[in-house]
Each structure stands twice: as structure tokens, then as C-alpha cells.
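What follows is one structure encoded as C-alpha cells, with my remarks underneath.
Note on naming: letters A, B, ... go to the chains in the order of the sequence lines (proteins, then strands), and numbering restarts at 1 for each one.
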Protein chains: 2
Amino acid sequence: MLTGHARKERLHNPQHTRELLLQAAFREVHRSGFQSTGINTILAATNVTKGALYYHFPTKEALGYAIVEEIIAKLVRDRWLHPMLSHGKKPVDILIGIVRRLPVQPEDIRWSCPLLNLAQEMSPLDERFRKRLERLFLSWQEGVAALLRKGQSQRTVRRDLNPDEVASFLVAMVEGYASLAKNAQDVRVWEVGIRNIVGWLKSLRAPRQPRRSGRRILKKQVVKRRQRF
Amino acid sequence: MLTGHARKERLHNPQHTRELLLQAAFREVHRSGFQSTGINTILAATNVTKGALYYHFPTKEALGYAIVEEIIAKLVRDRWLHPMLSHGKKPVDILIGIVRRLPVQPEDIRWSCPLLNLAQEMSPLDERFRKRLERLFLSWQEGVAALLRKGQSQRTVRRDLNPDEVASFLVAMVEGYASLAKNAQDVRVWEVGIRNIVGWLKSLRAPRQPRRSGRRILKKQVVKRRQRF
DNA sequence: GCGAACATACATACTGGTTGGTATGTTAAC
DNA sequence: GTTAACATACCAACCAGTATGTATGTTCGC
């Protein structure tokens, strides 16, 4: 009885085939870009035939969108959003931990960040691609911003900072260094970048709290919108 | 006698044809990427024939290399290296001026930085492309670093900074924000980025100089390698 | 339990269009 | 008249996509 759990031997295993295609397509698109990745390359990498691919994905674009919404979105969640939920730790320390744990293998540096790659290539060319990628960037930034706001309310993050702008600053830096390292094809460029990002993250911490004085300080005086660095 | 100055009416004007091809190729590559730009697109944009193109450039790659070495290199020089030579102004102010003068038109944001685009696409795929682009990135960073060193010797730039690392930090941020703005297709994202970069640049300035005391401070104590932000 | 009926999940062969590149012919300039 | 500077026609390889056929899995009547 081959119901319930999927048996490997099944010849028709649509979920498995679909996932196989998605992973291979992601791999190829990550390396060569979406436009330059041929359907046949994906088929050759999977031993799946064209009929099967076009059964699961109506067009090449649809396959691309699925890569963004399923695989890359998961990467953002796994690397950034989920680790941010770790309780008990201070926001800045959480961010430092995340940045330090980012992949540093030569392969990772070589092909750089999939989100960035696809966004660079497709954003000005295909609006539906752009929108999907934008959602991921925004969820990333909003996650960081929310974490910073939490830190501000806990008095562990400087309150003169604008969380949204700091968040996009962080994202810009991570992606910027990823680009430099990719061009240099040098892990050390990335490692120096990480060090500098971590150094900058440390500067976000609230200074040692002064003894609480009797009279309260007006919020307006504390929360300045223009941040220092 | 149509010697000396080139007459427009000349039918065979190789320099002009070559330049025409280069400019059109740059434009298309900037928009769609190198791999996805067809030779025929460039020909259609210039009313030049295939024979003429392959007379001037042996392969599509050679055309791409020429774009990097002639057009993009000139952009780096014009936007960064030359403005850095302005005498009399303090290094940090020069950098702020340059960053503030970077293009902000919707078209510029849409297609983003040509150097970054090509580097993102071609660095892991073609070593000769990568090398040429790397040279431009290094000249850019070295220019910034040299300017910072000058500022340090003039005591207008903090001496606890590592000029090379600050320079790559700046480049990473510029390119990172360019990517974010390109994905968002929003000039405001870029403008916020510029503001934050300028804010950060201001933090590089040496603090008000303390009254010179009698005994000299050892250089080793002043120049720390780990910078603050 | 069992097979007909049907739907899902592929496989194969092919198409029109495009790709970078080339072989060969022509014209302008000196 | 020689050669540099093109123009034209053509090529094999590849592209995304499709038409059509086939094997597998499921459902349902009985």
C-alpha cells in the first residue's frame, strides 16, 4: 500500500519532481543569472524532461517567480528573520551573531547573495520579479527595524537612531560587501566587511545608562531623528 | 581638402564608428546585462552593420572589455578620481561633495551603477572581465584611501581609522544603496542612502584638536588600527 | 475484488525565432 | 591600385515553448 508516506520508488512523484526542478533552477540562476540560464541546462541537471517541467511551471518566468517566493524567501527567513526571534539576547548581539554566522565559504563568496543577484538583474526588466524581490528586501529590513525598536524600548539600543534607516543601512552594507567580495573573488574581502559591519553594529548600543535623576526627561529631547554614527 | 578635422559627411570614419558602437553597446549592456545583450540590438541602435562591428571588435567579449576599459573607467575617473584632486578643500568635504553630486535621476536609479552591474554579472563567469572590473574598483578605493591618508596627515581626518578599510566601506555602501534603490525603483531610497553616507562621512572628521601640550604623544598610541564608528 | 473511465504526470519530437560568428563581396580613401 | 572600412548573406547552435503521445495513479460502479 503506497499511500500516506511517499515511497521513493514511485515513478510519479510530483512534489519531488517539482522540488528537484526548483532546486536545480535556483542553483543555475544563482550562478549564471535568470536570463542566461537555459531551460535545457536545468533539465540536464535533473534528468527531468521538458514535458515534466512545463507541466509544473507554465513558463520560464513562473519558474523564476517560484524560485524567489519559495527558495530565496526561505533563505531570508532562515538566515535573518528566525534568528532574530531568539529571546533573552540583546538585539545588537543578535544582529552581530547573525552577521558573523553568514556563509563564508569560497563558493558562497563566488556566487554572492541570490537575492541581490536576482534583484540586480531583473528589477529594472520585469516588474513582477521586482515586486517579489522587493517584498523580501522589505521583510528583511522590517525585521531588523523591529528588532532595533525592541532594543530601544529595552534601553539597549541608542534612541537617537531611526530604526528603519539603520536597518536599510545594514542591508546595504551586507549587500555592498557581498558585491565587492564577489568581484574580488576573495573571502578575505568579505571577512573584512563582516568585521567592519560588526564594528558598526557595536556602535548602535546605548551608552552606559546614567543614574536615573528625579525629574523625567522629555521624550522629544531624547529621540532625535538625525542619527550620529 | 578634408584632412585634419574629421568631416561629418565622411562615409568611412573608423574612430567615429567605433565610438558609436561602444556607446550603444554600453547603453544596452548597462540596461540588460552583457550576456543578454544581443549583437543585433547594438547594430539596430547604431545603423551599423555586422561587418563593421566585427571589423572593430573581434568578438563580443572584446567589445565588453572595451566598454569596461574605456567607458566605465572614464566614469570612475570623472565621478571620483578627478574630483578628489580639488585642492584647498578638506578630504572629508571633498568626499561629501562627490557623494552629493552622484546622479539621482530616475533613469540612473533604474539602471544603477554600470560598474556594479557588470561586476555582479560577469565576475564569477569570466576571469578577464573580473580582472578588468577589479582594477576599476581598486583604483576607486585606492583613490579614496589616499585622500583619507592625506586628511590624516593634515589632522582633519581621524587617525584611528584604517584608510583602506574606510575606503572599501564607502564603496560597499554606495554600491549597496544603489542596489536597494534599483530594486525599489525609487529615487527616495537612494536619497536616504546618500544622506546616511554623508552622515557617516562626517563622523570621519578629526575632533576639535586639543591644545598642543609640551610633551609629544607617541604615534603608536594615536594610530589605533581598530576604528570606532 | 476488479476492471473500465478518467486524470495526473510525465516523455518525445518538433517549431519558429534568435544567437554569435564568418565567408565573401563591395566601396571609399589615399 | 591597394587596402582599410565596411555591407550582405549565410551558418550551425541554441532558445523557449508546444503538440502530441504515453505511462502511471485514482476513482467508481458493480
Side-chain angles (χ1 to χ4, degrees), chain A residues 1-25 28-29 31-67 121-122 125-126 128-129, chain B residues 1-25 28-29 31-67 121-122 125-126 128-129:
Chain A
M1 268 75 80
L2 41 82
T3 55
H5 69 291
R7 271 181 54 185
K8 262 189 184 174
E9 296 79 8
R10 270 181 71 112
L11 284 162
H12 282 191
N13 190 339
Q15 288 118 304
H16 177 247
T17 305
R18 204 189 114 97
E19 190 61 26
L20 206 67
L21 286 167
L22 263 182
Q23 289 295 345
E28 290 304 320
V29 168
R31 278 160 163 66
S32 316
F34 176 77
Q35 298 178 96
S36 302
T37 295
I39 294 286
N40 290 325
T41 312
I42 298 165
L43 300 179
T46 49
N47 285 322
V48 170
T49 59
K50 202 167 268 194
L53 190 150
Y54 277 96
Y55 173 79
H56 288 284
F57 304 97
T59 62
K60 191 190 175 192
E61 277 72 39
L63 177 57
Y65 301 156
I67 290 174
E121 181 186 4
M122 298 308 294
L125 300 178
D126 183 315
R128 284 172 300 184
F129 249 118
Chain B
M1 268 74 84
L2 39 83
T3 56
H5 68 293
R7 271 181 52 185
K8 262 187 184 173
E9 298 78 9
R10 270 181 72 112
L11 286 162
H12 284 192
N13 190 337
Q15 287 119 303
H16 177 247
T17 304
R18 204 189 114 97
E19 190 61 23
L20 207 66
L21 286 167
L22 264 181
Q23 289 294 344
E28 290 304 320
V29 168
R31 279 160 164 66
S32 315
F34 176 76
Q35 296 178 100
S36 301
T37 294
I39 294 285
N40 291 325
T41 312
I42 297 165
L43 300 178
T46 49
N47 285 320
V48 170
T49 59
K50 202 168 269 193
L53 190 150
Y54 277 95
Y55 174 79
H56 288 283
F57 304 97
T59 62
K60 192 191 175 191
E61 277 71 39
L63 177 58
Y65 301 156
I67 290 175
E121 181 187 3
M122 299 307 295
L125 301 178
D126 184 315
R128 283 171 299 184
F129 249 119

Check the distance between [N]'s [atom2] and [X]'s [atom1] and give it to me in whole angstrom.
X	N	atom1	atom2	answer
A:Y55	D:dT24	OH	P	16 Å
A:D126	D:dA16	CG	P	15 Å
B:I42	C:dT18	CD1	P	16 Å
A:I39	D:dC15	CD1	P	10 Å
A:F57	D:dG17	CZ	C1'	16 Å
A:L43	C:dC14	CG	P	18 Å
B:R18	D:dA4	CZ	P	17 Å
A:H56	D:dG17	NE2	P	17 Å

For the side chain of [X], starting at C-beta, report the closest nucleotide among [options].
X	options	result
B:A52	C:dT12, C:dT19, D:dC6	D:dC6
B:T49	C:dC10, D:dA7, D:dA5	D:dA7
B:H12	D:dG17, C:dA28, C:dA9	C:dA28
A:K60	C:dG20, D:dC6, D:dG17	D:dG17
A:Y54	C:dT22, C:dC10, D:dT18	D:dT18

Worksheet item: When you look at B:Q35 and A:Q35, which way does the side chain to side chain donor-acceptor pair (under 3.5 Å) test go after all the steps?
Response: CA-CA 8 Å; B:Q35 296 178 100; A:Q35 298 178 96; over 6 Å; no
Worksheet item: Can you tell me how far CG of B:L20 sits from NE2 of B:H56, rounded to the nearest 0.5 angstrom?
Response: 10.0 Å
Worksheet, complete the sentence: CD (B:E28) and CG (B:N40) are apart, to the nearest 0.5 Å, by 11.5 Å
Fill in: Under 3.5 Å donor-acceptor pair, B:K50 side-chain atoms to C:dG21 base atoms
yes
Distance check: side-chain N/O of [X] vs OP1/OP2 of [N], anything under 4.0 Å?
X	N	value
B:N40	C:dT18	no
B:T59	C:dG20	no
B:T17	D:dC6	yes
B:H16	D:dA5	no

Worksheet item: Got a donor-acceptor contact below 3.5 angstrom from the A:T46 side chain to the A:L43 backbone?
Response: yes
Worksheet item: Of all heavy-atom pairs between B:A66 and B:F57, which one has the smallest distance, and what is that distance?
Response: CB-CE2, 3.8 Å
Classify [X] by what it touches in the nucleic acid, base, sugar-phosphate, or nothing, heavy-atom distance under 4.0 Å.
X	result
A:G38	sugar-phosphate
A:S36	nothing
A:T37	sugar-phosphate

Worksheet item: Should B:Q15 and B:E19 be marked as a side chain to side chain donor-acceptor pair (under 3.5 Å) after you check the CA-CA gap, both sets of side-chain angles, and the distance that decides it?
Response: CA-CA 6 Å; B:Q15 287 119 303; B:E19 190 61 23; over 6 Å; no
